[in-house]
J.: 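Sharing a structure, written as structure tokens. Questions coming.
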Amino acid sequence: MEQKFITVKGARENNLKDIDISIPRYKFVVMTGLSGSGKSSLAFDTIYAEGQRRYVESLSAYARQFLGNLDKPDVDQIEGLSPAISIDQKSTSKNPRSTVGTVTEIYDYLRLLFARVGVPYCPTHKVPITSQTIDQMISKISDAEDGARVFIYSPIVQGTKGTHAKVIEKIIKDGYVRGRVNGEEVDFSDPIKLEKNKKHSIEVLIDRLKLSSSNRSRIYDSLETALKLSEGLVFVNVGKDHLVFSEKFACPHCDFSIPELEPRLFSFNSPFGACPECKGLGTHTEISTDLAINFKKTLFKGGFKPWGTKIDKKSMFGMQLDISMKHFGIDTTRLLSEYSKKERDILFYGHSDLINFKLKSRSGEKDEKNSSHKGIINHIERRKLET
């Protein structure tokens, strides 16, 4: 028969004098009283201490040797006791990331609970997320048009602190030449120095090819290699699409994939669990064109407020902006208020057209590259993120 009360008999811990009490289960119970009346002695030093002691005793002898033995509180008998969690009292914090859950530390228990007993579901199809086979991965990649460029990466380090010198050394030893470090394309044969106390991600480029029906077996082999190297995860760039595949967790009906559940996925303080839009702060800021742009002036003469009274056309930024505007046939001598919506969208948010940039620095160094116009609003966003 299920007990409806936690029954305490003969509690004598600290200043308690043979207290007998029955506390209803499944209720929110508040203990009140004067300072020194024994509230904490009953709640923490008696009830919680006994619950913790019983939990430790339920573990194996091997585990108990690392935890040590806990003394039994001074009480005659406690019945109806469940495993207990103690939340320490703390002062409030003005940190924007602080919540009731983080201040009381119950947040840490919840993250662990969700990571261990949680069942991930696809937000679109409402079905449990299951592992993907290599054939399913190839089927998704094959949805792209023939001729699309395919890059297959194996993420061997994800958001982990350290220099990872031995990892990079092993990559080179295994014969892999190129990849990405923190999102940037690198050649592993070049010296790579990573800060020890910062988190880094390292992805090995396993293969790059053009999509066609004739190279299905090659894609299969490359995916198999990538999955083995990263222990079940692979990143694939197909054209402009970035696909994440997992041998362990993925929706069988769509491309929604997540890594194996772990506590940091439920942490808004971790890049892996935080909302990608607000970065875990609960607020999202955007660059306002009304504040960044002076529509009563021309682009190079005061129209772009962050650059002050004018943009120097001989600077690298000014040269690229001038070449971009000429490529799209946009007259930069006109007031910005005279631009059409299409012209403003190109200027502010960029365009995918590849442009040949022939640049010459003030020191005389020449540089030529093919790139797209990123947009001046996106330029400020990038500068804000990098600051």
Side-chain angles (χ1 to χ4, degrees), residues 96 149 180-187 190-195 198-201 237 239-242 271 274-387:
R149 297 287 292 173
R180 294 188 297 208
V181 174
N182 300 328
E184 297 291 331
E185 296 286 342
V186 297
D187 188 324
D190 296 333
I192 298 174
K193 292 184 179 180
L194 301 178
E195 293 187 41
K198 287 189 176 181
K199 293 181 179 180
H200 305 286
S201 296
N237 286 3
K240 294 181 180 179
D241 294 330
H242 177 66
C275 165
E277 292 296 322
C278 71
K279 305 295 186 284
L281 288 172
T283 58
H284 177 67
T285 58
E286 292 182 350
I287 303 298
S288 167
T289 53
D290 292 335
L291 297 176
I293 307 299
N294 187 341
F295 290 93
K296 296 180 180 179
K297 295 190 177 183
T298 61
L299 175 59
F300 285 95
K301 294 184 178 180
F304 194 22
K305 290 182 183 179
W307 255 246
T309 56
K310 68 175 184 177
I311 298 175
D312 185 359
K313 285 190 177 183
K314 293 184 179 180
S315 68
M316 297 299 283
F317 176 74
M319 284 189 287
Q320 290 185 65
L321 189 56
D322 189 36
I323 293 170
S324 296
M325 294 303 99
K326 288 177 179 177
H327 173 83
F328 294 107
I330 298 176
D331 183 3
T332 57
T333 63
R334 293 156 52 210
L335 298 179
L336 291 176
S337 59
E338 298 174 0
Y339 282 26
S340 66
K341 183 180 184 305
K342 182 180 179 181
E343 290 174 326
R344 288 186 186 183
D345 286 343
I346 291 173
L347 173 63
F348 297 162
Y349 305 109
H351 198 279
S352 59
D353 275 7
L354 283 179
I355 304 171
N356 180 247
F357 291 99
K358 292 183 179 180
L359 310 173
K360 185 178 181 181
S361 67
R362 297 181 192 277
S363 60
E365 293 184 11
K366 294 181 180 181
D367 182 28
E368 183 174 353
K369 62 179 180 180
N370 291 320
S371 182
S372 59
H373 169 59
K374 303 295 191 267
I376 57 175
I377 297 298
N378 291 335
H379 179 77
I380 307 176
E381 286 277 7
R382 182 176 61 82
R383 294 289 291 270
K384 181 188 74 171
L385 292 173
E386 290 175 350
T387 303

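Throughout, numbering of the chain's residues begins at 1 and tracks the sequence.
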J.: Which heavy atom of W307 sits nearest a heavy atom of H379, and at what distance?
T.: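 Smallest interatomic distance, heavy atoms only, reads CH2-NE2, 3.5 Å.
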J.: I'd like to know if the side chain of H373 reaches the main chain of M325, judged simply by a donor and an acceptor atom lying under 3.5 Å from each other, with no hydrogens or angles considered.
T.: no
J.: If a pair satisfies side chain to side chain donor-acceptor pair (under 3.5 Å) and one of its residues is in residues 288-304, list it, with sequence neighbours excluded.
T.: none
J.: OG of S372 to CG of D353: how many Å apart, nearest 0.5 Å?
T.: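 Interatomic distance, S372 OG to D353 CG, rounded to 0.5 Å: 9.0 Å.
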J.: For the CZ atom on R334, are there more than 12 heavy atoms of other groups (residues, nucleotides or ligands in this structure) within a distance under 6.0 Å?
T.: yes
J.: Enumerate the salt bridge (charged side-chain N to carboxylate O under 4.0 Å, His left out) contacts for residues 314-323, please, sequence neighbours excluded, ordered by first and then second residue.
T.: D322-K326
J.: Just verifying a value: how many Å separate N237 CG and R149 CZ, rounded to the nearest 0.5 Å?
T.: 11.5 Å
J.: Which residues satisfy the salt bridge (Lys or Arg N to Asp or Glu O under 4.0 Å) test with K341, sequence neighbours excluded?
T.: D345
J.: Hey, what do you get for CZ (F295) to CG (L335), rounding to the nearest 0.5 Å?
T.: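 Separation between the atoms: 11.5 Å.
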J.: Are more than 12 heavy atoms, taken from residues, nucleotides or ligands other than E338, located less than 6.0 Å from that residue's CD atom?
T.: yes
J.: Please find the pair of heavy atoms, one from I311 and one from G318, that lie closest to each other, and give the distance.
T.: CG2-CA, 3.9 Å
J.: What distance do S352 atom OG and K240 atom NZ have between them, rounded to the nearest 0.5 Å?
T.: 4.0 Å
J.: Taking the side chain as C-beta and beyond, is there a heavy-atom pair between F328 and I355 under 4.5 Å?
T.: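 Yes, close enough: below the 4.5 Å cut-off.
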J.: Which heavy-atom pair separates E195 from H200 by the least distance, and what is that distance?
T.: O-NE2, 2.8 Å
J.: Where is the tightest heavy-atom contact between L359 and K369, given as atom of each residue plus distance?
T.: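 Answer, listing the atom of L359 first, then K369: CD1-CE, 4.4 Å.
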J.: Please check if the side chain of Y339 supplies one atom and the backbone of D331 the other of a donor-acceptor pair under 3.5 Å.
T.: yes
J.: Rounded to the nearest 0.5 Å, how far apart are CZ of R382 and NZ of K374?
T.: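 Taking CZ in R382 and NZ in K374, the distance rounds to 9.0 Å.
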J.: Are more than 12 heavy atoms from other residues, nucleotides or ligands located less than 6.0 Å from atom CD of E184?
T.: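 No, the 6.0 Å shell around CD holds no more than 12 heavy atoms from other groups.
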J.: Does the side chain of L347 come within less than 4.5 Å of F304's, by heavy atoms?
T.: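 A side-chain contact is absent here, since even the closest heavy-atom pair is not under 4.5 Å.
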J.: On a heavy-atom basis, which atom in K199 and which in N182 lie closest, and how many Å separate them?
T.: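 Reported closest heavy-atom pair: O-OD1, 4.1 Å.
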J.: Would you say that F317 contacts I376 through its side chain, given a criterion of any heavy-atom pair below 4.5 Å between the two side chains?
T.: yes
J.: Find the distance between CD1 (I330) and CG (L299) and round it off to the nearest 0.5 Å.
T.: 9.0 Å
